[in-house]
2 protein chains.
Amino acid sequence: MAKHKHEHDSHETIQEMLRAMSNHGWRITDQRKSLATLFAEAEGYLSPKDVYESMRQKYPGVSFDTVYRNLRLLSEMGVLEQFHLNDSLKFRARCQSHHHHHMICIQCEKTVTFEFCPMKQVDLPSDFQIVNHRFEIFGYCSECSAQASTP
Amino acid sequence: MAKHKHEHDSHETIQEMLRAMSNHGWRITDQRKSLATLFAEAEGYLSPKDVYESMRQKYPGVSFDTVYRNLRLLSEMGVLEQFHLNDSLKFRARCQSHHHHHMICIQCEKTVTFEFCPMKQVDLPSDFQIVNHRFEIFGYCSECSAQASTP
DNA sequence: TTTGCTGCAAAGGCTTTGCAGGCCT
DNA sequence: AGGCCTGCAAAGCCTTTGCAGCAAA
């Protein structure tokens, strides 16, 4: 049941991503379908290399520059978001639903969502013109801390 | 008076940085003195290139790899902190005094400190083991927004 | 059919590394 | 005097770009 729900969500996400590309006048190629599928099913962050390796399994002929080109295009379009984790660039599907923040596991790099947003509480000098903000909590998710405590 | 105070702070910071290096058994070279001075006096973030350009004025013979080596060593030691701004790596002197967060001007890259920390308020799942957190607010500082509104 | 997209290859940045000589301690 | 640090040079990533052929619309 949970599994079925997850598959449904992934399928929705894939369709959304492909629709977004189409709306921007982009062509839907096999490579881009692979890319959409990959990010819709990913639970954490993916590096360009991760993306290349994964795509190559389903689509052997893919090249590195195509990966980079599409990662960049999708990021500029707001479908993916970039993030620097351990000094290397990573990507994940941007959460389109509503505003929230993440806890990020520094071991497996999976993310856990929470609703609290500090911007509602913070009191700031009025002469600073706010554009956006970041708030992330780093640590070990339940699975990784369980592993660490059973050596 | 304010100027005098600032100079005093810079001087303190330089001494702290040099002492930290010395405590770690590192040698105090002219290049490292330049580096310490530069970061103690900088108000915002500096890229490796910025650092190289600035150091070269006071110390013409400096090389790029020395800049990188020392930036890395100082970061690992906790004297400097790294940050990705506009997709490029930047450095600044880590605030040693007390815990706080920053507003960062996306134009001039200067930072404004504020005391509010969201970790006191946020309520999280107990099975996530927190290690650290980031909270930054991006926008235009008073000077840059004033410039923007007078074209 | 018409562009846009891809793969190939090569170039371009940024950062790191090996080495001999010089400087800090 | 000894060993760390530097500058030079070159290599090593990671990422971008030019180009001809192919594929989506």
Side-chain angles (χ1 to χ4, degrees), chain A residues 14-15 17-38 45-77 79-91, chain B residues 14-15 17-38 45-77 79-91:
Chain A
I14 297 169
Q15 293 311 317
M17 291 173 78
L18 295 179
R19 205 179 310 131
M21 295 191 215
S22 196
N23 289 344
H24 281 72
W26 300 1
R27 296 184 177 171
I28 309 303
T29 63
D30 290 348
Q31 292 88 332
R32 284 176 177 171
K33 278 183 205 158
S34 298
L35 198 68
T37 307
L38 179 61
Y45 290 86
L46 299 173
S47 68
K49 195 179 174 186
D50 294 335
V51 174
Y52 174 68
E53 302 289 354
S54 302
M55 280 183 72
R56 208 157 55 139
Q57 292 180 2
K58 295 181 184 174
Y59 191 90
V62 79
S63 69
F64 237 113
D65 37 71
T66 298
V67 170
Y68 276 110
R69 267 188 289 247
N70 285 315
L71 286 177
R72 191 145 80 107
L73 286 170
L74 284 168
S75 298
E76 285 171 1
M77 212 168 70
V79 172
L80 296 181
E81 62 182 9
Q82 301 185 21
F83 204 84
H84 282 275
L85 225 48
N86 309 327
D87 268 340
S88 61
L89 186 57
K90 308 255 170 167
F91 295 82
Chain B
I14 296 169
Q15 293 310 317
M17 292 174 77
L18 295 179
R19 208 179 307 132
M21 296 190 214
S22 196
N23 288 344
H24 281 72
W26 300 1
R27 297 188 175 166
I28 309 303
T29 63
D30 289 348
Q31 292 88 333
R32 285 177 176 168
K33 277 183 206 160
S34 297
L35 199 68
T37 306
L38 179 60
Y45 290 86
L46 299 173
S47 68
K49 195 178 171 187
D50 294 335
V51 175
Y52 174 68
E53 302 288 354
S54 300
M55 281 183 71
R56 209 157 54 139
Q57 292 179 3
K58 295 181 184 174
Y59 191 88
V62 78
S63 68
F64 239 113
D65 37 70
T66 297
V67 171
Y68 277 110
R69 267 189 289 246
N70 286 314
L71 286 176
R72 192 145 80 108
L73 286 170
L74 285 169
S75 298
E76 285 170 2
M77 212 168 71
V79 173
L80 296 181
E81 63 183 10
Q82 299 184 21
F83 203 85
H84 281 275
L85 225 50
N86 309 327
D87 268 341
S88 61
L89 186 59
K90 308 256 171 165
F91 296 81

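A note on names: the letters A, B, ... follow the listed sequences, proteins ahead of strands, and every chain is numbered from 1. Hydrogens, waters and symmetry mates play no part in the numbers below; they use all other heavy atoms, side chains included. These figures come from a predicted structure and were not determined experimentally.
- As judged by a 4.0 angstrom heavy-atom cut-off over every strand, A:Gly61 is placed among residues touching the sugar-phosphate backbone only.
- At its two ends the helix from C:dT1-D:dA25 to C:dT25-D:dA1 runs along axes set 40° apart, each axis drawn from five pairs and the angle rounded to 10°.
- Here the C1' atom of nucleotide C:dT6 and the CE atom of A:Met55 are 11 Å apart, to the nearest Å.
- In this structure, B:Val67 and B:Pro48 approach most closely via the heavy-atom pair CG1-O, 3.8 Å.
- As rounded to whole Å, 16 Å separates atom C1' of D:dT15 from atom CG of A:Asp50.
- With A:Glu53 as the partner, the side chain to side chain contact (heavy atoms under 4.5 Å, CB included) test is satisfied by one option alone out of A:Met55, A:Gln57, A:Arg56: A:Arg56.
- Contact of A:Arg69 with C:dG4 (side chain to base): no donor-acceptor pair of N or O atoms is detected under 3.5 Å.
- The distance from the OH atom of A:Tyr52 to the CG atom of A:Asp65 is 9.5 Å, given to the nearest 0.5 Å.
- Among the heavy atoms of the strands lying under 4.0 Å from B:Tyr59 are primed sugar atoms or P, OP1, OP2 only; no base atom is included.
- Along DNA chain C, the nucleotide nearest B:Arg72 and the nucleotide nearest A:Arg32 are compared for position; the residue whose nucleotide lies closer to the 5' end is A:Arg32.
- Annotation for B:Met77 and B:Ala20: closest pair CE-CB, 3.6 Å, computed over non-hydrogen atoms.
- A:Leu71 places its CG atom 13 Å from the C1' atom of D:dT16, with the value rounded to the nearest Å.
- Atom CG of A:Asn86 sits about 12.0 Å away from atom OH of A:Tyr45, to the nearest 0.5 Å.
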Tabulate protein N/O versus nucleotide N/O from nucleotides 9-14 of chain D, keeping only pairs under 3.5 Å, one per line.
from	atom 1	to	atom 2	distance (Å)
D:dA9	N6	B:Asp65	OD2	3.0

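- For the pair A:Leu74 CG and C:dC5 C1', the interatomic distance rounds to 14 Å; values are reported in whole Å.
- Side-chain atoms of A:Lys58 and A:Thr37, non-hydrogen and from C-beta on, do get closer than 4.5 Å to each other.
- Atoms CE (A:Met21) and P (D:dA25) sit 12 Å apart, rounded to a whole Å.
- Here the closest heavy-atom approach between residue B:Ala36 and residue B:Met21 is recorded as CB-CE, 4.5 Å.
- Taken to the nearest 0.5 Å, the CG atom of A:Leu89 stands 6.5 Å off from the CG atom of B:Asp87.
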Tabulate atom names and distances for all N/O pairs under 3.5 angstrom spanning the protein and nucleotides 21-24 of chain D.
from	atom 1	to	atom 2	distance (Å)
D:dA24	N3	A:Arg27	NH1	3.3

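- Rounded to whole Å, the distance from CZ on A:Phe64 to C1' on C:dC5 is 19 Å.
- Side-chain atoms of B:Arg32 do not come within 3.5 Å of backbone N or O of B:Leu18 as any donor-acceptor pair.
- For the pairing with B:Leu35, the side chain to side chain contact (heavy atoms under 4.5 Å, CB included) check across B:Thr66, B:Val51, B:Asp30 returns one residue only, B:Val51.
- Contact annotation: the side chain of B:Asn23 approaches that of B:Arg19 to within less than 4.5 Å [non-hydrogen atoms, C-beta and beyond].
- D:dT6 atom P lies 12 Å from atom NZ of B:Lys33, rounded to whole Å.
- B:Ser63 has no side-chain polar atom (N or O) that falls below the 4.0 Å cut-off from OP1 or OP2 of D:dT6.
- Spacing between atom CG of A:Leu73 and atom C1' of C:dT6 amounts to 13 Å, rounded to whole angstrom units.
- An OP1 or OP2 oxygen of C:dC23 is reached within less than 4.0 angstrom by no side-chain nitrogen or oxygen of B:Gln31.
- Between A:Trp26 and A:Leu73, the closest side-chain pair of non-hydrogen atoms falls below 4.5 Å.
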